[in-house]
Amino acid sequence: MTTISAEERIAMRDSFARLLEQRADEEALRKAIDTDAGYDPALWQEMADMGILSLLVDPEYGGIGGDAILLEMLMEEAGSRLLCSPFISTAVVASSLTGASTNDDMKSQILSKIVAGQLTIAIAMTGEKGLWTTAGVDVTARQNGDSWQLDGNASFVMHAETAGRILVIANVDNEIRAFLVAPDAPGVALSTLKTNDPTLRLSQITLSGAVGQLLEGVNGVAVDHAMNLARIALAGEQAGGVKRIFDITIDYLQTRYQFGRQIGSYQAMKHMAADMLVEVESATSAARHAAEAFAKGSDEAQTLVNLAGFACADAYRDVTAQAIQMHGGIAYTWEHPAHLYWRRARTGLWLFGSSDHHRDQYLTQLEAA
Amino acid sequence: MTTISAEERIAMRDSFARLLEQRADEEALRKAIDTDAGYDPALWQEMADMGILSLLVDPEYGGIGGDAILLEMLMEEAGSRLLCSPFISTAVVASSLTGASTNDDMKSQILSKIVAGQLTIAIAMTGEKGLWTTAGVDVTARQNGDSWQLDGNASFVMHAETAGRILVIANVDNEIRAFLVAPDAPGVALSTLKTNDPTLRLSQITLSGAVGQLLEGVNGVAVDHAMNLARIALAGEQAGGVKRIFDITIDYLQTRYQFGRQIGSYQAMKHMAADMLVEVESATSAARHAAEAFAKGSDEAQTLVNLAGFACADAYRDVTAQAIQMHGGIAYTWEHPAHLYWRRARTGLWLFGSSDHHRDQYLTQLEAA
Amino acid sequence: MASNPKEISNEDVAIELEAWLDAHWDSEKRCEKGKDKLDTKSWLTTLLEAGYAVPTWSSDWYGRDYNTKQARIIENILKSRNVIGRSQDRFNLGAVTVYRMGSPELKQELLPKMLTGAFSCLLYSEPNAGSDLAGVRTKAEYVPGKDGGEYVVTGQKIWTSNANEATYGMLIARTDWDVSKHSGITFFIFPMKQDGVDIRPINQITGESEFNEIFINEARIPARYIVGELNGGWKVLQTALAYERLIMGEGATERQGKDKSKVHPLVGLARRHEKLNDPVLRQKIAQAVAYRHLNALNMRRAKAEIIENGSSSLMSLGKLAMSRVQHGEARVAGEILGPAGLFDGEAFPDSADMNFDSAKSYMHSIGGGSDQIQRNIISERILGLPREMEVDRNMPFRDVKSG
Amino acid sequence: MASNPKEISNEDVAIELEAWLDAHWDSEKRCEKGKDKLDTKSWLTTLLEAGYAVPTWSSDWYGRDYNTKQARIIENILKSRNVIGRSQDRFNLGAVTVYRMGSPELKQELLPKMLTGAFSCLLYSEPNAGSDLAGVRTKAEYVPGKDGGEYVVTGQKIWTSNANEATYGMLIARTDWDVSKHSGITFFIFPMKQDGVDIRPINQITGESEFNEIFINEARIPARYIVGELNGGWKVLQTALAYERLIMGEGATERQGKDKSKVHPLVGLARRHEKLNDPVLRQKIAQAVAYRHLNALNMRRAKAEIIENGSSSLMSLGKLAMSRVQHGEARVAGEILGPAGLFDGEAFPDSADMNFDSAKSYMHSIGGGSDQIQRNIISERILGLPREMEVDRNMPFRDVKSG
């Protein structure tokens, strides 16, 4: 359990929100999109300085020891700005997995670099099917004397091209293990995968006898835990994003006139907006309750993570789709931000498990209850 | 191919429409519902006199030799009035199957009674799973000297309690055969199944060594053909029903005032109505084109029958559901007709194959194309 | 009769009530101590006189001047002992309306009756005024006479529940036809037990008859039974409706915020009918359950916000969201049942439930403000979008189109 | 130039044209007989002078007074020989507008140019007047001068396709700000090739730039280039829009009424990605295909009705229905592709198509009258429901709110 207080969480969220307001507005977003890296390293450093990157790191290792609740709160802010960064890979999944390691030297070395903003880590977990479960891992590792050699493919790897290390999840005799690999090591081949969502950077990684450093003590349970944190982070991002595009749309309904009336005075628009509000609030509730249940270690945690996994993604998809329609022609232009939210929303339909997969898992949880 | 002309079809439809206007209005419908038989035998006789019951019977046997196109046209009229009658069982399926028989004596004897309105025939085809395909037949027949004995269950049998004969589809050594059974014969047990739709009468029939008369020459192909005719009839009925409840609703939107305006002036209502019109017209197109393709023996016939099988049923369900909502409280009362259409629409979701089944079959047809 | 809430601690509130109950209420027999069986009216009078029926009300009017916190303590104790007549300041809509808006004379005359078993039904809706409550055409005409005269009422009301059991009706009627629609309405307490009141059950599509139509033909109301001002009924109605919404909203927030029994009925139904492995149905079942679950989570947030800030806009989303839940669950139940859904009656309990629920869902999506009205309310009151234009708002009611 | 259609049989129409073509058109080289390559303007002039560019028009104006049936015969023959410049009485919107509504002088001056390659773009939409075309704020001010003077135009137009290629723009502009919005608009033929016209491509969310924004800064139009009356532009626009709808509608009826290639693309996609056996996807694929199929059947009925009665209300449903088809197909394609749908670009052609189609669907549901406008049209013009209230209809345009 975390030692962070409710007041500290709010203070941190507010600082992060201010930082993003100043440094991650639409102009900055479009600038980041146009770079090869796909994010702003200077902003990354400021996030480190503010402690954002260490939110899940134990105070013992220089972190602030936050929990899923704080993570979700911060991600709502990030989502509302469509923040581009390797945050989930590095500060959520890699932090969580490294934190689970029993090798204290490695742990201390890696976490201190993450906390300082000096190291980003990409997560190579799922094969080409994009399952993001341990069953979807396609890489195998075998011990060769003192070292480990890795073979196989990982796809959908976020921000791999700029990562200092790649954290590879691999099978060792049907057990899940984690390894750190240097991107420039022999036997490591990266190829960029062009994405439809310009805020997303994906690569495929082919490992052919590449040497990896075992992250001792990390097993399938730790990976499931880390992936659930990633899903909560994504759900929070989606809740923040869907709220934001909704607010943009309501604002447009109030300020756009057609036939001498605000378009928000037309019942068709009003009724669409009311239905969208239900989706927006449901996404927020799902993300927040999943985070809370997870932070408290509640029995319901997995159920709520799966619920958030499809409810937030679907709400985001539906509300952004309606938002474009309600804006009309203006949102059909690249210069209007609506389509950026729409693309990010569509990304969320697949990232870390599809909506259909989460829906099925949710029912499995309910059956077991 | 039929010899009936387009003008003759229209004339017949118009006569039938006039008959129904006079004899099958809402009052008559509610009266029929309240009887045990569930239909008006006097009206049945008038339908016989008008030639409606013989529409699919060859002129050689006293019929008018109509086709699926005429059938669909008549059923639109029947559907718009929610006509209760054993028409589909007797005048469609039984007529078609009997017409396929190679036993001319039997054929002539049965058809002449159907044509005269003196015999209604119930169809015992599907088992408890309600598949309405030859694969769903649960009755088996075996030859015992000169006679045939039937064993097994058939469910969802329409208007069995008042039928003069039951036409049982049965398996004989993995071949499909048809038999005529007297409802009061030994080994025949009928039990009424209470239905949610008061315009529908269903029974379960248990056969325990009941004697049946083989309808020679009728095989699986003839049964498939007859069931496709039944599906076209149902699609036509649904197209007529959905059109009617839609018209009733539009009329209400024009005459009901709230806040000093016709409720049809509210954009929410208008937009719902526009979307409903698309459904209504699509149902009509699906039913008519299925009938036309079937009548012409086109390659597309099965595809279009399956399309109509789900498109008409789903349109009817959705439009009746909206119709109740748009009427508001008044349609929540038993005295208002909306719920009768709604119940009949829900019946159509399962009768002669579910929407999901037809959708799957439709895709199978497209794959083969 | 009661102590000042500022002077009494929450502990003492509980201790005082427990002592009073020990003296007056037999929890086992559920009647007054020392009696064989419950005499409702007598018990309600005892409770009322002790100030425990309406503890938040003024001590001048049967109450104890308690605050909400204290009232909840009392409610919980009375509930735990199965005491009837509790929390009428929360749930007795007729009495609350008279207490809040009636004249002292009216309160004097009616409250003792209303709080001791003479309860009230709602006579707002009319066939021609569904969502548009201000469109009432039931007319009330003044006739001079003793005690200030009376009003003669003729018209038709609809969707009234418990009309047969009610002593009073909370009635809105038109008293001036020459002013705008909202300006000519008066709010009355209408005596139900009289000639000229014909109560007919409505046959609903569910097969139930929860509601009635009320045909009123020259029925009488003492003129002193007006609540608020003559022709000021619209304002009174708004307040009465706000109480109703509050009561219903709180109930809904509690119900919807509560997780259902561990296994959702749809999961049980699918299990019974061996459909839990059907991948198409699994998606539909999960989505239907999720909509209910999400609404429960929204209502949990609403409750937390109400505790924090005294109100929550989330509460207004519940009714609309529940429409989708109820129609959706009934539909998925139908898909689980398959062709068996055609059946009904006692022999097919799952089918009968599914068919009943399918029809009953309309009670939710139409009754008490249809989904369309809810969307208007949400978009206007929460999102601040412009109000729907009311063309008849300022014309004399005589000229308003209706039908 | 042409024979009276009453005097010439359909057979003779065909024979006469075939003979003329034999003499003048080289189908293989696709140019005028006896020439090496096509000189477009020269050929179009030849075709025009023969009366075959606009056969239904009056013989006073380049036509042959032919009826529709005869025109279709001509169209088919010209099409079969790949003749360019055909059917301009059906498809050359600028020329049709001038022919139908221009003064004789305007026709004399513009038709020869418009029918021989100088084609027109549309300058109706403005950033502040999307669905509300009558809300135009582009201003045209009269300046006296020779040849009747000219108008000076300043404003901004949007969603214009082919602006760079167009010689003329069909422009609506405000010429009177003190009358109601519909009363102060004038319809001009606007010369595109002049200073003061800045054409900028719009970057669309599909990655395409089919459309342009046009910034007009003190550009000039001869006063004689007004179509119809000064300040009577709204009426002219309505007629021009009706032609446009007719052309687009006929096209759509034909396209949508035609069955697609035997195997629907979604079936092919699912087969390629080995998803044809997934029962959840099968339902979604079948439904998506069915919506397209049903619309095609509706359009077949529409076409039959048009042949029978000259019109069909079904035609108006096609645009709305196709929105659902296009959004739906793109969505199902995404579900077939699964996580691979995240990719884009040449390396992932199926993903790239799906993502492109997902964005492009908005072109359909927003452009040319959004789904919401279509629903208004259907409910008002087909179902006869009351028209939406227009609050600004009768106020001076100066006072109309806009944004």
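Order of the sequence lines fixes the chain letters, A, B, ..., with proteins taken first and strands second; residue numbering starts at 1 for each chain.
Proximity to chain C (any heavy atom under 4.5 Å) is shown, for B:Thr126, by neither the backbone nor the side chain. For B:Ile263, no part lies under 4.5 angstrom from a heavy atom of chain C. For C:Val400, the part sitting under 4.5 Å from any heavy atom of chain B is the side chain, from C-beta outward, and nothing else. C:Asn376 does not touch chain B: none of its heavy atoms, backbone or side chain, sits under 4.5 Å away. When heavy atoms are compared at a cutoff of 4.5 Å, B:Ala338 does not approach chain C at all. At a 4.5 Å heavy-atom cutoff, the contact between C:Leu342 and chain B is made by backbone and side-chain atoms alike. Residue contact with chain B, scored on non-hydrogen atoms closer than 4.5 Å, involves the backbone and the side chain of C:Glu335 alike. At a 4.5 Å heavy-atom cutoff, C:Arg393 makes no contact with chain B through either its backbone or its side chain. If you measure heavy-atom distances from C:Phe348 to chain B, the contacts under 4.5 Å come from the side chain alone. For chain B, no part of C:Met395 is nearby; none of its heavy atoms comes within less than 4.5 Å. If you measure heavy-atom distances from C:Ser209 to chain B, you find no contacts under 4.5 Å at all. B:Tyr332 touches chain C through backbone and side chain together, each having a heavy atom under 4.5 Å away. The contact between C:Ala129 and chain B is made entirely by backbone atoms, counting heavy-atom distances below 4.5 Å. Neither the backbone nor the side chain of C:Asp399 comes within less than 4.5 Å of any heavy atom of chain B.
When C:Glu390, C:Met389, C:Glu388 are compared by the number of non-hydrogen pairs under 4.5 Å with chain B, C:Glu388 comes out ahead. Listed options B:Ser354, B:Gly328, B:Ser155 were ranked by heavy-atom pairs under 4.5 angstrom with chain C; first place goes to B:Gly328. With respect to chain C, the highest number of heavy-atom pairs below 4.5 Å among B:Met326, B:Met272, B:Arg317, B:His336 belongs to B:Arg317. Taking C:Ile205, C:Ile366, C:Val280 one by one and counting their heavy-atom pairs under 4.5 Å with chain B, the maximum is reached by C:Ile205. Ranked by heavy-atom pairs shorter than 4.5 Å toward chain B, the options C:Pro127, C:Ser370, C:Ser358, C:Ser351 are led by C:Ser358. Of the listed residues B:Lys194, B:Gln262, B:Arg343, the one with more heavy-atom pairs under 4.5 angstrom with chain C than any other is B:Lys194. Counting heavy-atom pairs under 4.5 Å between each of B:Leu193, B:Ile324, B:Thr347, B:Leu131 and chain C puts B:Ile324 at the top. Looking only at heavy-atom pairs under 4.5 Å with chain B, the residue among C:Gln372, C:Lys181, C:His327, C:Glu346 that has the most is C:Gln372. Your options are C:Gly135, C:Gly345, C:Ser131, and the one with the most heavy-atom pairs under 4.5 Å with chain B is C:Ser131. The most heavy-atom pairs under 4.5 Å with chain C, out of B:Thr255, B:Thr333, B:Leu351, B:Asp356, come from B:Thr333.
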Practice problem: Might you work through the side-chain contact (heavy atoms from CB on, under 4.5 Å) test for C:Ile199 and C:Val197, ending with a clear yes or no? | Solution: CA-CA 6 Å; C:Ile199 298 170; C:Val197 177; 4.1 Å; yes

Self-check item: Working for ring pair (Phe, Tyr, Trp, His ring centres under 6.0 Å), residues B:Tyr341 and B:Phe246
Solution: CA-CA 10 Å; B:Tyr341 286 88; B:Phe246 179 70; over 10 Å; no

Exercise. Mind running salt bridge (Lys or Arg N to Asp or Glu O under 4.0 Å) on C:Lys360 and C:Glu210 for me, showing each step along the way?
Key: CA-CA 11 Å; C:Lys360 187 81 180 188; C:Glu210 298 159 285; 3.0 Å; yes

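The environment of C:Lys235 atom NZ is sparse: at most 12 non-hydrogen atoms of other residues, nucleotides or ligands sit within 6.0 angstrom. Annotation for B:Asp36: atom CG does not count as buried by contact number, only 12 or fewer foreign heavy atoms lying within 6.0 Å.
Geometric assessment of B:Arg359 against the ring of B:Phe310 yields a positive cation-pi assignment under the 6.0 Å and 45° thresholds. The cationic atom of B:Arg346 (NZ for Lys, CZ for Arg) lies less than 6.0 Å from the six-membered ring centre of B:Trp342 and within 45° of the ring axis.
The aromatic ring centres of B:Phe156 and B:Trp132 sit less than 6.0 Å apart.
Contact annotation: the side chain of C:Trp177 never approaches that of C:Pro396 to less than 4.5 Å [non-hydrogen atoms, C-beta and beyond]. No side-chain heavy atom of B:Thr195 sits less than 4.5 Å from a side-chain heavy atom of C:Asp344.
With respect to C:Arg292 and C:Glu329, a salt bridge is recorded, a charged nitrogen being found less than 4.0 Å from a carboxylate O.
Inspection of the C:Glu126 and C:Gln156 side chains reveals no N or O donor paired with an N or O acceptor under 3.5 Å.
Taken from OG1 in C:Thr186 to CH2 in C:Trp234, the straight-line distance is 13.0 Å, to the nearest 0.5 Å.
The aromatic rings of C:Phe211 and C:Trp159 lie perpendicular to each other, with more than 60° between the two planes, well past the 30° mark.
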